[in-house]
Amino acid sequence: MSAAKKSELGVTPLSEDVSAWYNELVFKAELADRGPAKGTMVIRPYGYRIWELLQEQLDQRFKDTGHVNAYFPLFIPQSYLQREAEHVEGFAPELAVVTHGGGKELEEPLVVRPTSETVIGEMYSRWITSYRDLPVLINAWNNVVRWELRPRIFLRTTEFLWQEGHTAHADQAEAMEETLRMFDVYAEFALNVAAIPMVKGEKTPTERFAGAVRTFTIEGMMRDGKALQSGTSHYLGTNFARAFDITYQDADNELQHVHTTSWGMSTRMIGAVILAHGDDQGLVLPPRLAPIQVVIVPIGRGEQGDAPRAKAHELAAELAAAGVRVHVDDRDASPGFKFNDWELKGVPLRVELGPRDLDAGQVLVAQRVGPIDDRGRPVKDTLSFERFVAGVPQRLDDYHDRLVVRAQAYLDEHRGRADDWDTFERLVRTGFADALHCGEEACEDDIKTATTASPRCIPTDGEPEEGACIRCGAPSAYGTRIVFARAY
RNA sequence: CGGGAUGUAGCGCAGCUUGGUUAGCGCGCCUCGUUCGGGACGAGGAGGUCGCCGGUUCGAAUCCGGCCAUCCCGACCA
């Protein structure tokens, strides 16, 4: 990263090198820092607040759909993982294993949970005996550890925070309904809270969760055209019920296995927000996840600044009372510095209040994403003191909608149908390609080798279509086009 | 684990080729003063086991050997 190529902010422009931009921005915006151990991250207050806001709003949706929260242990006896064949196979390479405790070697090693299907399966087998116990609708907020070979902050860290929902049902139909319900919750949340339109679909067998019968995913498009799996919902069938002997007696006195589901969204979602909305100026935060939705910058030094500063605090108090997350930037720094600083941090609305505005009884409002003048600076509009408190929430909602429209436009521009290999290769370099595929793993591998792109999902809203595989020409599988992209 | 690169102040870097005053620059930080409508300025100041271990030498940030760590590109993945 040559210093000369960096913008004034000291961040490599997004347009030049997305990877460098992302890394530098995460640190500069004080979202997170690297931990001392490889692959670990420290989530700093500004980044953690985003997580808290995400948690609050996602958790509310879980409650609204009938779920309750619980906590399950971090340590899992190694033998538990081994009970479900595909599950072990899938997770074995990325397990952290504790072999010693209290200064002695353990009789049985403990794995640090990479996910909790197994412990929860064990507990559910104890808790569930009758159809009257069903359904069990539990969610857990916790941390998990997966020994990643190539960590990237928020996107792939050895330890990450997430929620994992685990439900048990009497039959397949009800479990599938639950799986799809939570799948919809994720997509709705991504759109209405994170302002990211997602491509919804089902994972192909090769991309499926280890131990799942069906896996549904929301895939977001990042600013480099890569896909980011941002939330998954799994129908686990009776795989875990059989492995952990989770049975119930039905109304006819017959012993039945339960059907389980699991679903998760993680701190990776913060990475999605950064990569879906950010620009050369830095972060762009959707208002519903922004720790600070409105920053007020009083203008004027010393005595000249006293009145604007006082008014700024007065307006901030009123705005806070109206439920807006507002901050007055009182720092001893120049206005220009503050403007750039808050732009870097992605604050949606900036309010300027100087002596001139005070006289006019108004403030200037600049939007982080919005119309710009011929110097590339935001066009600032005015808002009178009287209309201020009422006007801001509306602007935040409009701003959210604008981010959605922008992200949707970006997705549409970078997604296309591929009917021949050249088109496929071209599309996949800059975005998503919808193409027919034979469904063979060897062919997927071949595509991956040739383009680094992989099947992201079978879109839920895909039109029925059959034909020849984009790569090998064999008859297509899945009954519709599937989405290929390079992925994080 | 393969390929590539880098370790010098909180951050970004120069110095190393050709060993030799007290290891330097920018940003940031601290103090004082002046400043404040798009990254202000002046003066003063704090901050370093030059990644670690060993070797060569009168003398090593610099040369040699080994080790460690980190980052980037691939294989695993929310």
Side-chain angles (χ1 to χ4, degrees), chain A residues 1-4 6-12 17 19-20 23-24 27-28 33-34 36-39 89-95 114-115 143-164 186 203 206-210 215 217-220 227-234 262-272 281 297-305 308-309 329 331-344 350-358 360 363-364 366 372-373 375-378 380 445 448-449 452 454 487-488:
Chain A
M1 268 50 62
S2 63
K6 290 185 183 181
S7 69
E8 288 176 77
L9 303 170
V11 177
T12 303
D17 182 342
S19 186
N23 280 325
E24 291 166 23
F27 299 135
K28 286 249 155 88
D33 209 340
R34 285 183 219 292
K38 182 186 166 92
E89 201 188 322
F91 281 106
E94 40 183 346
L95 293 180
T115 178
N143 58 336
V144 289
V145 168
R146 299 179 187 178
W147 216 258
E148 297 295 348
L149 300 173
R150 237 186 99 193
R152 287 197 75 184
I153 289 202
F154 289 123
L155 300 175
R156 236 181 358 244
T157 45
T158 296
E159 178 192 3
F160 60 88
L161 305 183
W162 75 343
Q163 67 47 229
E164 43 177 326
Y186 286 145
K203 283 297 188 187
T206 48
E207 298 280 330
R208 206 146 57 196
F209 176 74
T215 288
T217 177
I218 53 171
E219 301 278 331
L228 183 70
Q229 179 176 314
S230 306
T232 48
S233 185
H234 317 289
S262 70
W263 25 274
M265 181 176 276
S266 73
T267 37
R268 169 180 273 191
M269 193 66 195
I270 296 175
Q281 265 59 256
V297 179
I299 313 280
R301 164 82 180 181
E303 282 185 21
Q304 208 191 26
R309 201 158 35 245
D329 187 354
R331 288 177 297 175
D332 182 19
S334 71
F337 175 89
K338 293 175 183 176
F339 297 166
N340 286 287
D341 193 41
W342 293 114
E343 281 166 14
L344 174 75
R350 184 183 66 244
V351 169
E352 303 173 23
L353 206 181
R356 293 205 296 269
D357 303 305
L358 207 54
V363 296
L364 295 186
I372 54 171
D373 63 22
R375 290 180 310 175
R377 300 263 163 75
K380 302 168 186 178
D445 289 345
K448 193 159 191 178
T449 307
T452 77
S454 55
Y488 274 99

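Just so it is clear: chains get the letters A, B, ... in the order the sequence lines come, proteins before strands, and each one is counted from 1.
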Chemist: Pick the C1' atom in B:U31 and in B:G20, then give their distance to the nearest Å.
Modeler: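 That atom pair is separated by 37 Å.
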
Chemist: Would you tell me if any nitrogen or oxygen in the side chain of A:Ser334 comes within less than 4.0 Å of OP1 or OP2 on B:A40?
Modeler: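 Answer yes for this pair, as a side-chain N or O of A:Ser334 is under 4.0 Å from OP1 or OP2.
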
Chemist: Just how far, in rounded Å, is P of B:A75 from CG of A:Leu149?
Modeler: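 Rounding to the nearest Å, CG of A:Leu149 and P of B:A75 are 11 Å apart.
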
Chemist: Applying a 4.0 Å non-hydrogen cut-off, can you work out what A:Leu228 is touching in the nucleic acid: base, sugar-phosphate, or nothing?
Modeler: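 It contacts nothing in the nucleic acid.
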
Chemist: Using the C1' atoms only, state how far B:A23 lies from B:A60, rounded to an integer number of Å.
Modeler: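 These two C1' atoms come out 13 Å apart once rounded.
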
Chemist: A:Thr232 vs A:Phe209, test: side chain to side chain contact (heavy atoms under 4.5 Å, CB included). Steps then yes/no.
Modeler: CA-CA 9 Å; A:Thr232 48; A:Phe209 176 74; over 6 Å; no

Chemist: Measure CG/A:Asp445 against P/B:A75 and give the value in whole Å, please.
Modeler: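 Rounding to the nearest Å, CG of A:Asp445 and P of B:A75 are 11 Å apart.
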
Chemist: Regarding A:Pro335, tell me which of base, sugar-phosphate or nothing describes its non-hydrogen contacts under 4.0 Å with the strands shown.
Modeler: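 Base, at least one base heavy atom under 4.0 Å.
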
Chemist: Within this structure, what is the CZ-to-P distance between A:Arg309 and B:G37, rounded to whole angstrom?
Modeler: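 Taking CZ of A:Arg309 and P of B:G37, I get 14 Å after rounding.
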
Chemist: Taking donor-acceptor contacts at under 3.5 Å, does the side chain of A:Lys338 reach the base of B:G37?
Modeler: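 For A:Lys338, whose side chain was compared with the base of B:G37, there is no donor-acceptor pair (under 3.5 Å).
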
Chemist: Kindly indicate whether the side chain of A:Glu343 and the base of B:G38 share any N or O donor-acceptor pair separated by less than 3.5 Å?
Modeler: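 Answer is yes: a donor-acceptor pair is held.
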
Chemist: Looking across every strand, which nucleic acid part, if any, lies under 4.0 Å from A:Arg375 by heavy atom: base, sugar-phosphate, or nothing?
Modeler: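 A:Arg375: no heavy atom of the nucleic acid under 4.0 Å.
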
Chemist: Find the distance A:Trp162:CH2 to B:C77:P and express it as a whole number of Å.
Modeler: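 It is 15 Å, rounded to the nearest whole Å.
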
Chemist: Pick the P atom in B:C16 and in B:G24, then give their distance to the nearest Å.
Modeler: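 These two P atoms come out 15 Å apart once rounded.
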
Chemist: Base, sugar-phosphate alone, or nothing: which one does A:Pro298 contact when heavy atoms must sit under 4.0 Å apart?
Modeler: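 If one applies the 4.0 Å heavy-atom cut-off, A:Pro298 turns out to touch nothing in the nucleic acid.
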
Chemist: If you draw the axis of the six-membered ring of A:Phe160, does the NZ or CZ of A:Arg268 fall within 45° of it and under 6.0 Å from the ring centre?
Modeler: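 Ring-cation test returns no.
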
Chemist: Distance check needed: B:A78 C1' versus A:Phe209 CZ, whole Å only.
Modeler: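 Whole-Å distance recorded here is 10 Å.
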
Chemist: Say you pick atom C1' in B:C77 and the same atom in B:A14; how far apart are they, in whole Å?
Modeler: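 Result for the C1' pair: 40 Å, nearest Å.
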
Chemist: Quantified in whole Å, what is the C1' atom distance between nucleotide B:A69 and nucleotide B:C52?
Modeler: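 Their C1' atoms lie roughly 10 Å apart.
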
Chemist: Could you tell me whether a side-chain N or O of A:Thr217 sits under 3.5 Å from a main-chain N or O of A:Lys203, the two making a donor and an acceptor?
Modeler: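 No, A:Thr217 side chain to A:Lys203 backbone: no donor-acceptor pair under 3.5 Å.
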
Chemist: For a quick check of understanding: with a heavy-atom distance under 4.0 Å over all strands, which category does A:Asp332 fall into, base, sugar-phosphate or nothing?
Modeler: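 A:Asp332: base contact, heavy atoms under 4.0 Å.
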
Chemist: Is the aromatic ring centre of A:Phe337 closer than 5.5 Å to the centre of the six-membered base ring of B:G38, with the two planes inclined by less than 30°?
Modeler: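 Check failed, A:Phe337 does not stack on base of B:G38.
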
Chemist: Go through A:Lys338 and A:Arg350 one step at a time and tell me if the side chain to side chain contact (heavy atoms under 4.5 Å, CB included) criterion holds.
Modeler: CA-CA 10 Å; A:Lys338 293 175 183 176; A:Arg350 184 183 66 244; over 6 Å; no

Chemist: Could you tell me the separation between the CZ atom of A:Arg156 and the P atom of B:A75, rounded to a whole number of Å?
Modeler: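 Distance check: A:Arg156 CZ to B:A75 P gives 10 Å.
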
Chemist: Does A:Asp341 get its side chain close enough to the base of B:G39, under 3.5 Å, for a donor-acceptor pair?
Modeler: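 Checked by distance alone, the answer is no.
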
Chemist: Could you tell me the Watson-Crick or G-U partner of B:C76, where both distances fall under 3.5 Å? Say none if there is no partner.
Modeler: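 Looking at the geometry, B:C76 pairs with no nucleotide.
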
Chemist: Between B:G26 and B:A43, how far is it from one P atom to the other, in whole Å?
Modeler: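 Approximately 12 Å lies between the P atom of B:G26 and that of B:A43.
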
Chemist: Let me know the distance between CD of A:Glu148 and P of B:C1, rounded to the nearest Å.
Modeler: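 After rounding, the reported distance stands at 18 Å.
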
Chemist: Which of parallel (below 30°), tilted (30 to 60°) and perpendicular (above 60°) describes A:Tyr186 and A:Trp263?
Modeler: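 Ring orientation of A:Tyr186 relative to A:Trp263: perpendicular.
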
Chemist: Check the distance between B:G39's P and A:Gln281's CD and give it to me in whole angstrom.
Modeler: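 To the nearest whole Å, that distance equals 14 Å.
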
Chemist: When you check the phosphate oxygens OP1 and OP2 of B:C71, does a side-chain N or O of A:Arg150 lie under 4.0 Å from one of them?
Modeler: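 Result: no.
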
Chemist: How would you label the contact of A:Ser233 with the nucleic acid (heavy atoms, under 4.0 Å): base, sugar-phosphate, or nothing?
Modeler: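 Answer is nothing: A:Ser233 stays at 4.0 Å or more from every strand.
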
Chemist: Examine distances only and state if a side-chain atom of A:Asn23 and a backbone atom of A:Ala20 form a donor-acceptor pair shorter than 3.5 Å.
Modeler: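 Not at all, since once roles are kept as given, no pair shorter than 3.5 Å links the two residues.
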
Chemist: Of the nucleotides B:G37, B:C72, B:A78, which has the atom closest to the A:Ser19 side chain?
Modeler: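 Nearest nucleotide to the side chain: B:C72.
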
Chemist: Check if the side chain of A:Arg350 and the base of B:G38 share a donor-acceptor pair of N or O atoms closer than 3.5 Å.
Modeler: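 Answer yes: a donor N or O sits under 3.5 Å from an acceptor.
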
Chemist: Would you classify A:Gly300 as touching base, sugar-phosphate or nothing, given that sugar-phosphate means primed atoms plus P, OP1 and OP2, and contacts are heavy atoms under 4.0 Å?
Modeler: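 Since only primed, P, OP1 and OP2 atoms lie under 4.0 Å of A:Gly300, the category is sugar-phosphate.
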
Chemist: Considering only B:A78, B:C73, B:G38, which nucleotide approaches the side chain of A:Thr232 most closely?
Modeler: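 Among the listed nucleotides, the one closest to the side chain of A:Thr232 is B:A78.
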
Chemist: Could you tell me how far B:C30 sits from B:G47 if I compare only their P atoms? Round to whole Å.
Modeler: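 Approximately 15 Å lies between the P atom of B:G47 and that of B:C30.
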
